[in-house]
Amino acid sequence: MLNEIYNARILKLAGNIPLTERLAAPDASATAVSKLCGSKVTVDVKMDGDKVVAYGADVKACALGQASSSIMAAHVIGSTVAELREVGAAMRRMLKEGGEPPREIYDGKWKDLEVLEPVRNYKARHASTLLIFDAVEEAVDAAMNAKQSQSVAQ
């Protein structure tokens with residue numbers, strides 16, 4: 001049964017995570033940790049308005065956390081805060097509520113996330129799969145809040 005979630009496509013994604021160098025001067029960083037398995041991801045973002053223009057991550061996670069991190073890294077640059085929140089919400093619905101994978105949103109840009117659909121049947125694996133979405137959302141929110149605070153101060 002676990003073969004369905006640890007398939008060749010997931011293992012390939014897990015072994016080829018792009019953008020694994022932390023940023024020297026990020027607008028914000030965030031870390032998410034799974035209490036259940038100890039998986040941990042730390043992400044850095046640089047923003048231009050509400051778009052991610054630079055990204056780096058340190059991923060210390062299981063194959064599922066690595067695979068979701070790989071897909072995130074492949075598509076995060078150029079994504080807006082709203083898009084990233086929508087994708088994260090779609091992933092949470094997919095895993096926790098039996099929703100559809102985010103195949104169609106943003107012209108299919110996030111279609112690769114469908115590879116993680118079988119994880120919905122393994123509740124203990126949800127947290128590690130969703131870590132990257134939690135960390136990215138926290139980082140982009142922090143970056144936007146910091147920029148807003150700077151604007152107000154000026």
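Screening residues 34-45 for salt bridge (Lys or Arg N to Asp or Glu O under 4.0 Å), with sequence neighbours left out, gives Arg22-Asp44. Listed by first and then second residue, the salt bridge (Lys or Arg N to Asp or Glu O under 4.0 Å) pairs that reach into residues 5-20 are Arg9-Asp112, sequence neighbours excluded. Under the salt bridge (Lys or Arg N to Asp or Glu O under 4.0 Å) criterion, no residue pair touches residues 65-74, with sequence neighbours excluded. The side-chain hydrogen bond (donor to acceptor under 3.5 Å, both in side chains) pairs that include a residue from residues 63-76 number zero, where partners must be two or more places apart or lie in different chains.
In this structure, the side chain to side chain contact (heavy atoms under 4.5 Å, CB included) partners of Leu11, at least two apart in sequence or on a different chain, are Ala63. Judged as a salt bridge (Lys or Arg N to Asp or Glu O under 4.0 Å), and not counting sequence neighbours, the contacts of Lys111 are Glu114. Listed by chain and number, the residues in a side chain to side chain donor-acceptor pair (under 3.5 Å) with Thr31 are Thr42 (sequence neighbours excluded). With sequence neighbours excluded, no residue forms a side chain to side chain donor-acceptor pair (under 3.5 Å) with Glu21. Looking at residues two or more places apart in sequence or on another chain, you find a side chain to side chain contact (heavy atoms under 4.5 Å, CB included) between Glu117 and Met94, Pro101, Arg103, Arg120.
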Practice task
Show your working on side chain to side chain contact (heavy atoms under 4.5 Å, CB included) between Lys46 and Val52 and close with a plain yes or no.
Solution key: CA-CA 6 Å; Lys46 192 125 182 98; Val52 176; over 6 Å; no
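Using modelled atom types, no side-chain atom of Ser34 and backbone atom of Ala127 make a donor-acceptor pair closer than 3.5 Å. Asp48 places no side-chain N or O within 3.5 Å of a backbone atom of Lys51 that could act as its donor or acceptor partner.
Considering only heavy atoms from C-beta on, Lys96 comes within 4.5 Å of Leu130 through its side chain. Side chains of Val41 and Phe133 form no contact here, defined as non-hydrogen atoms less than 4.5 Å apart. Contact of the Ile77 side chain with the Leu19 side chain is registered, since non-hydrogen atoms from C-beta on lie closer than 4.5 Å. Counting heavy atoms from C-beta on, the side chains of Ile132 and Ile71 never come closer than 4.5 Å. Looking at Leu64 and Tyr122, their side chains never come closer than 4.5 Å, going by heavy atoms from C-beta outward.
Residues Asn7 and Ile10 share a closest heavy-atom pair of OD1-N, 2.9 Å. Of all non-hydrogen atoms in Ala139 and Ala30, the two that sit nearest each other are N-CB, 3.7 Å. The two residues Cys62 and Ser39 make their nearest non-hydrogen contact at N-OG, 3.3 Å.
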Got a list of side-chain donor-acceptor pairs under 3.5 Å for residues 53-61, not counting sequence neighbours?
from, atom 1, to, atom 2, distance (Å)
Asp58, OD1, Lys60, NZ, 2.9

Please output the side-chain donor-acceptor pairs of residues 81-93 that fall under 3.5 Å, not counting sequence neighbours, one pair per line with the distance.
from, atom 1, to, atom 2, distance (Å)
Glu83, OE2, Ser79, OG, 3.3
Glu83, OE2, Lys109, NZ, 2.9
Glu83, OE2, Trp110, NE1, 2.7
Arg85, NE, Asp141, OD1, 3.3
Arg85, NH2, Asp141, OD1, 2.4
Glu86, OE1, Tyr106, OH, 3.0
Arg92, NH1, Gly88, O, 3.1
Arg92, NH1, Glu137, OE2, 3.1
Arg92, NH2, Asp134, OD1, 2.7
Arg92, NH2, Glu137, OE1, 3.4
Arg92, NH2, Glu137, OE2, 3.4

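Note on Val33: it does not cluster hydrophobically with Ile17, by side-chain heavy-atom contacts below 4.5 Å among ILVMFWY residues. Residues Leu23 and Met144 do not share a hydrophobic cluster, defined by chaining ILVMFWY side chains whose heavy atoms lie under 4.5 Å apart.
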